[in-house]
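Heads up: the structure comes next, in structure tokens.
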Amino acid sequence: MFTQIHIPQRNLTLKQPIGLFINNEFVKSENEEKIETINPSTGEVITSFYSGSFADVDRAVKAASDAYENVWKHTSPAERSLLLMKLADLIERDKCTLAALETLDSGKPYHSNAMLDLEQIIYLTRYFAGATDKFTTGETIPISEEKFCYTLMAPYGVVGQIVPWNYPLAMASWKIQGCLATGNTIVLKPAENTSLSVLYLAQLFVEAGFPPGVLNIIPGNGAVVGNALGKHPGIEKISFTGSTSVGLGILKASAESNMKDVTLECGGKSPAVIFEDANLEQAIEWTAKGIFFNSGQNCTANSRIYVHYSNYDKFLELFTKHIKEKWGFGKNFDPFDEDCTIGPVISKKQFDKISEFLKGEMPHPETPYKLSYTCKVHKVLDDPPESNKGFFIPPTIFTSVPYDSPWNTEEIFGPAVTVTPFETYDEVIKLANNTSYGLASAIFTENIRTANKFINDIQAGTVWVNSSNDPEMSVPFGGYKMSGIGRELGKSGVETYCQTKAVHMSLAQPGS
Ligand code: NAD
């Protein structure tokens, strides 16, 4: 159930689990099918791992259910806290190995990106360890001398969790740690192309002392394992992070099975608005990070930048200069190198999808009789040489973009951004909200009144003022509109895994 992986850039050889993780053991899938996982910076196969079936999901749900009934629901918050504290120490001990696996499998730059993810994971694990006896205290409600009412924040039991490939360990940790803190057990599915680091992490749960069955991991195809989780009658709550289209399928699966509670963290097309009084240097630094960090594969990426016309030309000139100085593939196209700040995108499929946007011409979605949409495409850095087999996309700026065209409305999910001028506040707030998504937003201004108005008017779950894509693990996160349902992280990251139980306690004397 293990294979050896060698990562020469880190002088690291590790024993990598490749089985499904059920009852604290790595096991084969029922049909013994496997999935190959590819290194996106070379296009080469790293290894393959077992891929689950419906029967495997069923097995894992049974393990999680037994663990909940027999062990975990009898575990005190203090004991759960100690286990999570231990886990945080182990993640800290192994952070370089976990980050190296993440870089190998997802292509994210090791120094500027994967290590940062690990720091956040360690912090949030300790945060949730401290939350086991907080945030879930319920309330007492005065009724009368003869009746006393209170609420309990009760766990759901078995929770299904589905995570995407852009932050494999971080997205899994956002979900697992908060869910275990509140006394639920879990069956989690990582993404097809990034299952290695999460399987490695599973070993640390065993070492920390988590009982068998509390956390189970079933890698596999979304349409099989994800679908089975969505429909399983033994799962009482499902938490999904991924695309809006698959998120809608999760809602449907819940409706068609047992009406399980659903939390969805889905796509985004987040605007950054730079007003005439903004500090341009600050705006450039943050909006560049906001689109190029993680190679543009961020649900909250500020993929639409609106700049007041008085600053537009200057912004384009300085933004381009900044990208050339700070963002690039590095001389070896190796995300393990310190000079690599933009890695490859995750797969050939994503590479091909993004390449369509880079052609500067897209079909109009409504009618074949209308002209195609067009825009101007500025590749800020050169394409990699032909000999390079990685999925590298150069940082790209789109200008003269029609407001309702795919560059402005669809998630591109790569290092590519639209930059559009505006004149008035009313015009730009309309443009900023002109999307079915509502995940995040950023505003750059020195005027507190403009900022405050924007905070009120923007339809987004997060507003960054004079920064962008600067997340905090202790602050709630989630989307408006089709970016999702519910919130994770902070206090919400605990509450989302509890349901309210109302207790009516009669104190009346019999016969009174
Ligand atoms: P995806 O929706 O294709 O896949 C997400 C997960 O769902 C994967 O594990 C996949 O295997 C699984 N899945 C696929 N088909 C399924 C099905 N029919 N039933 C159940 N599960 C299924 O998304 P992705 O391409 O992995 O990730 C990118 C998307 O995730 C982007 O849209 C991005 O915005 C979004 N995302 C959102 C957040 C957030 O917090 N809002 C965070 C990260 C990524």
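Here the structure is a predicted model, which is why all the values come from computation and not from measurement.
With respect to the salt-bridge test (charged N to carboxylate O, under 4.0 angstrom), the residues E119 and K95 qualify. Residues E285 and K289 are not paired through a salt bridge, judged by the lack of any N-O separation under 4.0 Å between the basic side chain and the carboxylate. Comment: K269 does not engage E410 in a salt bridge, judged by the lack of any side-chain N to carboxylate O separation of less than 4.0 angstrom. Ionic pairing of E325 and K321 is present here: one or more N-O contacts between side-chain nitrogen and carboxylate oxygen are shorter than 4.0 angstrom.
Using a 4.5 Å cut-off on side-chain heavy atoms (C-beta onward), C179 and Q161 make contact.
Screening residues 219-242 for salt bridge (charged side-chain N to carboxylate O under 4.0 Å, His left out) gives K237-D261 as the qualifying pairs, with residues at least two apart or on separate chains. For residues 450-474, every residue pair satisfying the salt bridge (charged side-chain N to carboxylate O under 4.0 Å, His left out) rule, not counting sequence neighbours, is listed here: K453-D457. Every pair tested for salt bridge (charged side-chain N to carboxylate O under 4.0 Å, His left out) that includes a residue from residues 423-437 fails, sequence neighbours excluded, so the list is empty. Applying the salt bridge (charged side-chain N to carboxylate O under 4.0 Å, His left out) definition to pairs two or more places apart or across chains, none involves residues 295-304.
By the 30° and 60° cut-offs, the orientation of the rings of F392 relative to F329 is perpendicular.
Partners of Q459 according to the side chain to side chain donor-acceptor pair (under 3.5 Å) rule, which considers only residues two or more places apart in sequence or in another chain, are K481. Remark: K260 engages no residue in a salt bridge (charged side-chain N to carboxylate O under 4.0 Å, His left out) (not counting sequence neighbours). Listed by chain and residue number, K189 satisfy the salt bridge (charged side-chain N to carboxylate O under 4.0 Å, His left out) test with E192 (two or more places apart in sequence, or in another chain). Here D117 pairs with K108 under the side chain to side chain donor-acceptor pair (under 3.5 Å) rule; sequence neighbours left out. Applying the side chain to side chain donor-acceptor pair (under 3.5 Å) criterion to S441, with sequence neighbours excluded, gives no partner residue. Partners of K376 by salt bridge (charged side-chain N to carboxylate O under 4.0 Å, His left out), not counting sequence neighbours: none found. Listed by chain and residue number, nothing satisfies the side chain to side chain donor-acceptor pair (under 3.5 Å) test with S436 (two or more places apart in sequence, or in another chain). Partners of E92 under the salt bridge (charged side-chain N to carboxylate O under 4.0 Å, His left out) rule, at least two apart in sequence or in another chain, are R126.
The distance from the NZ atom of K326 to the CD1 atom of I284 is 12.0 Å, given to the nearest 0.5 Å.
Using modelled atom types and a 3.5 Å distance limit, the side chains of Y437 and T409 yield no donor-acceptor pair. Side-chain N/O atoms of E317 and Y312 include no donor and acceptor closer than 3.5 Å. Side-chain contact check for T37 and D105: at least one donor-acceptor pair (N or O, by modelled atom type) lies under 3.5 Å. If you check the side chains of H378 and T396, you find no donor sitting under 3.5 Å from an acceptor. Side-chain contact, T263 with T496: a donor N or O sits under 3.5 Å from an acceptor N or O.
Without hydrogens or angle criteria, S355 side chain to F351 main chain gives a donor-acceptor distance under 3.5 Å. Counting only distance, with no hydrogens or angles, the side chain of T137 and the backbone of D133 share no donor-acceptor pair below 3.5 Å. No donor-acceptor pair closer than 3.5 Å links the side chain of N469 to the backbone N or O of I291. Of the possible donor and acceptor atoms, one in the side chain of T125 sits under 3.5 Å from a partner among the backbone N and O of I121. Not a single donor-acceptor pair under 3.5 Å links the side chain of N258 to the backbone N or O of S254.
Just one of I485, T244, I238 meets the side-chain contact (heavy atoms from CB on, under 4.5 Å) condition when paired with L264; it is I485. Of the candidates Y167, F240, Y123, F477, F477 is the only one forming a ring-ring contact (aromatic ring centres under 6.0 Å, His included) with W174.
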Practice task
Dump the intermediate steps for side chain to side chain contact (heavy atoms under 4.5 Å, CB included) on I38 and N193, then the final yes or no.
Solution key: CA-CA 7 Å; I38 309 283; N193 17 30; over 6 Å; no

